[in-house]
Amino acid sequence: QLQASGGGLVQPGGSLSLSCVAAGRTVDIYAMGWFRQIPGKEREFVAAISWRGDRKGYADSVKGRFTISRSTSKNTVFLQMISLKPEDTVVYYCAARRRLSSDSVHDYYRGTNDYDYWGQGTEVTVSS
């Protein structure tokens, strides 16, 4: 249901943009986010955005360097990454939350358990 793309090899200090398209029953999708995972470790929060797009959250490690946004159609989320560092080398996963009646259009979420759908992952390598 989620298809991520945009990963690749970039030099330290470079930029890269990731995209994630939600297909199927997208009317049920509310907040969306990006996570990343080093093999053998837990998946960690990177950034998230509300359905309305007016509220965003970032991990401290990427704040000021990464920007999350979503399309006006609400079915695509983007992650623009600048000033990339070798420690950003990891597989990135997009996630989408299925709407609950209690959800607000302004809410975003930081936990992996808050999301219902996951993309297949796209690998980012930062190396000279």
Side-chain angles (χ1 to χ4, degrees):
Q1 183 145 358
L2 298 180
Q3 183 68 40
S5 62
L9 173 65
V10 63
Q11 292 187 342
S15 303
L16 208 58
S17 291
L18 307 182
S19 299
C20 176
V21 180
R25 192 172 172 79
T26 59
V27 66
D28 288 343
I29 289 177
Y30 251 39
M32 298 185 77
W34 288 95
F35 291 75
R36 63 188 184 184
Q37 186 171 24
I38 297 173
K41 295 193 174 182
E42 291 188 357
R43 196 164 292 186
E44 67 174 17
F45 171 74
V46 175
I49 188 168
S50 63
W51 181 85
R52 182 67 63 86
D54 57 340
R55 296 185 66 182
K56 306 172 185 180
Y58 297 93
D60 288 342
S61 59
V62 306
K63 200 172 294 183
R65 300 188 298 121
F66 291 10
T67 302
I68 189 170
S69 60
R70 68 190 298 170
S71 62
T72 53
S73 63
K74 308 301 182 186
N75 70 333
T76 304
V77 64
F78 307 95
L79 187 68
Q80 183 179 4
M81 306 181 291
I82 65 171
S83 302
L84 283 161
K85 305 175 181 180
E87 51 263 43
D88 295 318
T89 295
V90 72
V91 177
Y92 287 74
Y93 297 87
C94 60
R97 175 180 171 89
R98 187 187 309 120
R99 176 186 179 185
L100 296 179
S101 58
S102 57
D103 282 0
S104 163
V105 296
H106 306 292
D107 290 338
Y108 66 86
Y109 302 86
R110 294 174 177 263
T112 54
N113 291 336
D114 294 319
Y115 293 89
D116 304 287
Y117 307 110
W118 293 88
Q120 84 284 8
T122 184
E123 188 168 3
V124 171
T125 302
V126 184
S127 174
S128 55

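For this chain, numbers begin at 1 and follow the sequence in order. Because the structure is a prediction, the values reported are computed rather than measured.
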Give the table of side-chain donor-acceptor pairs shorter than 3.5 Å for residues 3-22, with sequence neighbours excluded, one pair per line with atom names and distance.
none

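Not counting sequence neighbours, the partners of R98 by the side chain to side chain contact (heavy atoms under 4.5 Å, CB included) test are D28, D116, Y117. For F35, the ring-ring contact (aromatic ring centres under 6.0 Å, His included) partners two or more places apart in sequence, or in a different chain, are F45, Y115, W118. Applying the side chain to side chain contact (heavy atoms under 4.5 Å, CB included) rule to S73 yields the partners S71, N75; only residues at least two apart in sequence or on another chain are considered. Judged as a side chain to side chain contact (heavy atoms under 4.5 Å, CB included), and not counting sequence neighbours, the contacts of D103 are Y30, R97, L100, Y109.
Summarising the geometry of W34 relative to L79, their closest heavy-atom pair is NE1-CB, 3.5 Å, with the distance given to 0.1 Å. When all heavy atoms of D107 and A31 are compared, the closest pair comes out as O-CB, 3.7 Å. Closest approach of I68 to G33, counting heavy atoms only: CD1-CA, 4.3 Å.
Summarising the local packing, CD of E87 is surrounded by more than 12 heavy atoms from other residues, nucleotides or ligands at distances under 6.0 Å.
Side-chain contact check for F66 versus Q80: every heavy-atom pair is 4.5 Å or farther apart. A heavy-atom distance below 4.5 Å is found between the side chains of V124 and M81.
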Report task. Determine, step by step, whether V91 and Q37 satisfy the side chain to side chain contact (heavy atoms under 4.5 Å, CB included) criterion, reporting the C-alpha distance in whole Å, the side-chain angles of both residues, the deciding distance to 0.1 Å, and the verdict. Result -> CA-CA 6 Å; V91 177; Q37 186 171 24; 5.7 Å; no
Requested in this report: Decide side chain to side chain contact (heavy atoms under 4.5 Å, CB included) for F78 and R70; before the verdict, give the C-alpha distance in whole Å, the side-chain angles of both, and the deciding distance to 0.1 Å.
Outcome: CA-CA 6 Å; F78 307 95; R70 68 190 298 170; 5.5 Å; no
Query raised in the report: Does the side chain to side chain contact (heavy atoms under 4.5 Å, CB included) test come out yes or no for L2 and Q120, once each step is laid out?
Result: CA-CA 7 Å; L2 298 180; Q120 84 284 8; over 6 Å; no
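The side chain to side chain donor-acceptor pair (under 3.5 Å) pairs that include a residue from residues 54-65 are R36-S61, S50-D54, D54-H106, D60-K63, R65-D88, where partners are two or more places apart or lie in different chains.
Note: T122 OG1 to Y92 OH = 10.5 Å, rounded to the nearest 0.5 Å. Between the OG atom of S127 and the CG atom of L84 there is a distance of 12.0 Å, given to the nearest 0.5 Å.
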